[in-house]
Amino acid sequence: MTKDENTSLTSAIDPGSFGQRQQSQQGNNNTQQGQNNSQTPRNFTMPVTATGTNDLNTTSNLNVTSLKITSGAKFDATSSQNVALIGTDLAAKNNLSIGSIFQVYGKDIKVIGIFDGGNKFANSSAIMPLKILQQLSSQANQVNSVIVQTDSIDTISSVQDAIKKKLGDKVDIVSQQDSAKQAVVPLENIKTISLYSLIGSLVAGAIIIFLIMMMIVRERRREIGVLKAIGSSNIKIVSQFTVESLVLTLMSSVLGIILGVIFSNPILKVLVSNSESSTATGGGPGQGMMARVGMGFMGAQNALRDINAVVSYDIILYGILVAVIIAIIGSAIPSFIIAKVRPAEVMRAE
Amino acid sequence: MLKVNKLTKEFKSGDYKIAAVKDISLYIPNSIFSTIMGRSGSGKSTLLSLLGALDKPTSGTIEVDGQNITSFGESKLIKYRRNKIGFIFQNYNLIPNLTALENVILPMEFVGVGLKNKKERAEDLLLRVGLSKKIRP
């Protein structure tokens, strides 16, 4: 839409060097024509873009980076009212505020919200209910693009096939599966790193706990000898050392869980950011493709930045269980071995 | 009553065997205060360890109140040490993270003395040996 033809709005974007060249060329042509036809030069103006939508929650089909309502409110997705959201720059350029009226295709449109779209072009555009824009532009039931979002990356192919079967050659279907896969590569990397880290830390933790417990028990051989000499049974000695190591392990586990919960998100952010930068340098198929029918996950890369680590209860319980089992084995076995030896031998060895 | 018959205890040192106690026989009746005396390295501590069932003899027998303790299994030995023997070690062997009172109470734990009695008895024992200042709650 341009101002002079279909709307009362003036674009908030300057023509720039391209526009000035166009303006200059048009001026020359018109001057030449003017010489012939006595016509005045016509000023070049940037068009005002209006996007019709029935889903304000998905920003990928609105030509905006983000949709932040700075004043007013969003319209109902299925609204049949002549209303619009306008970008902050467009509102400033045309002195519009909430409740202001402007014209589109000769009809009055009421401003009910002003948004920040995250970039210059988005802030110079308008968003209207799809049904209204279709009516005003005499394009009932027609759309330029449809974005289909799937529940899972695994179903993209089947959904793509289903759409192709239904609509045939009427539309071009471009899957974002490749770019979606590219987008989740960092997560796959993190998953691999986390898995190896988990296995590594579990093995290292198990060895450390086992050796520490063995060392503690061995250092207290004399105590075991004395306890046996004054009549303690082997079971009592093993129980005492096991309970001691369990208390130590549980206290350490609680401390570890607290530190884990505190540091899991910062570590995840670092891992994501490192993985993103390493995959970004590799590029990938599907980048920059235009889609008539785009298949979901277009915002996957952005979604990765909002990802949060959640330490689930079952993971905590498994972790504690493993630590407890290792602590029991690490303390019970050496204390039992020492307790089986005659007290005099144990004390003589000191 | 304590009766020891041809008691021997040997220690291995490489290919050699050293007899710390060799063919000892003795008899100590009930209610007798006995002292074992001898040179350093003559086997006094080894003999006491054997009598207190802290160690196993190489050969010979030890009878206490008519029972041959050298034939006892592990559980019987534990009961014997718990109920019949009071052992004061050469280097004390106290449990370092327990107080003096708790160290005295500890053997009573294994015998099953009541909580109140344990404390009273331990305090009384410390008082009798002049360690009342070491009693801390």
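Just so we're on the same page: letters track the sequence lines, and every chain starts at 1. Below, each value reflects all heavy atoms present in this structure, side chains not excepted, and no hydrogens, waters or symmetry copies.
When the heavy atoms of residues 234-259 of chain A are compared with those of chain B, the residues falling under 4.5 Å are A:N234, A:K236, listed by number. Residues of residues 313-331 of chain A having a heavy atom under 4.5 Å from any heavy atom of chain B: none. At a heavy-atom cut-off of under 4.5 Å, chain A is reached by B:F11 from residues 3-27 of chain B, listed in order of number. The contact list for residues 46-76 of chain B toward chain A, using heavy atoms and a distance under 4.5 Å, reads B:S49, B:A53, B:L54, B:D55, B:K56, B:E74 by residue number.
With a 4.5 Å cut-off on non-hydrogen atoms, B:F89 touches chain A through its side chain but not through its backbone. Contacts between B:I95 and chain A at a heavy-atom distance below 4.5 Å involve the side chain alone, from C-beta outward. In this structure, chain A has a heavy atom under 4.5 Å from the side chain of B:L77, while its backbone stays farther away.
Considering only heavy atoms from C-beta on, B:L94 stays 4.5 Å or farther from A:V226 through its side chain. Inter-residue side-chain proximity for A:I230 and B:F87 is flagged as unmet; no heavy-atom pair is nearer than 4.5 Å.
Around atom CZ of B:R121, no more than 12 heavy atoms belonging to other residues, nucleotides or ligands sit under 6.0 Å away.
Rounding to the nearest 0.5 Å gives a distance of 10.5 Å between CD of A:E223 and CG of B:N93. Rounding to the nearest 0.5 Å gives a distance of 11.0 Å between CG of A:L227 and CD of B:E109.
Formation of a donor-acceptor pair under 3.5 Å by the B:R82 side chain with backbone atoms of A:G231 is found in this model.
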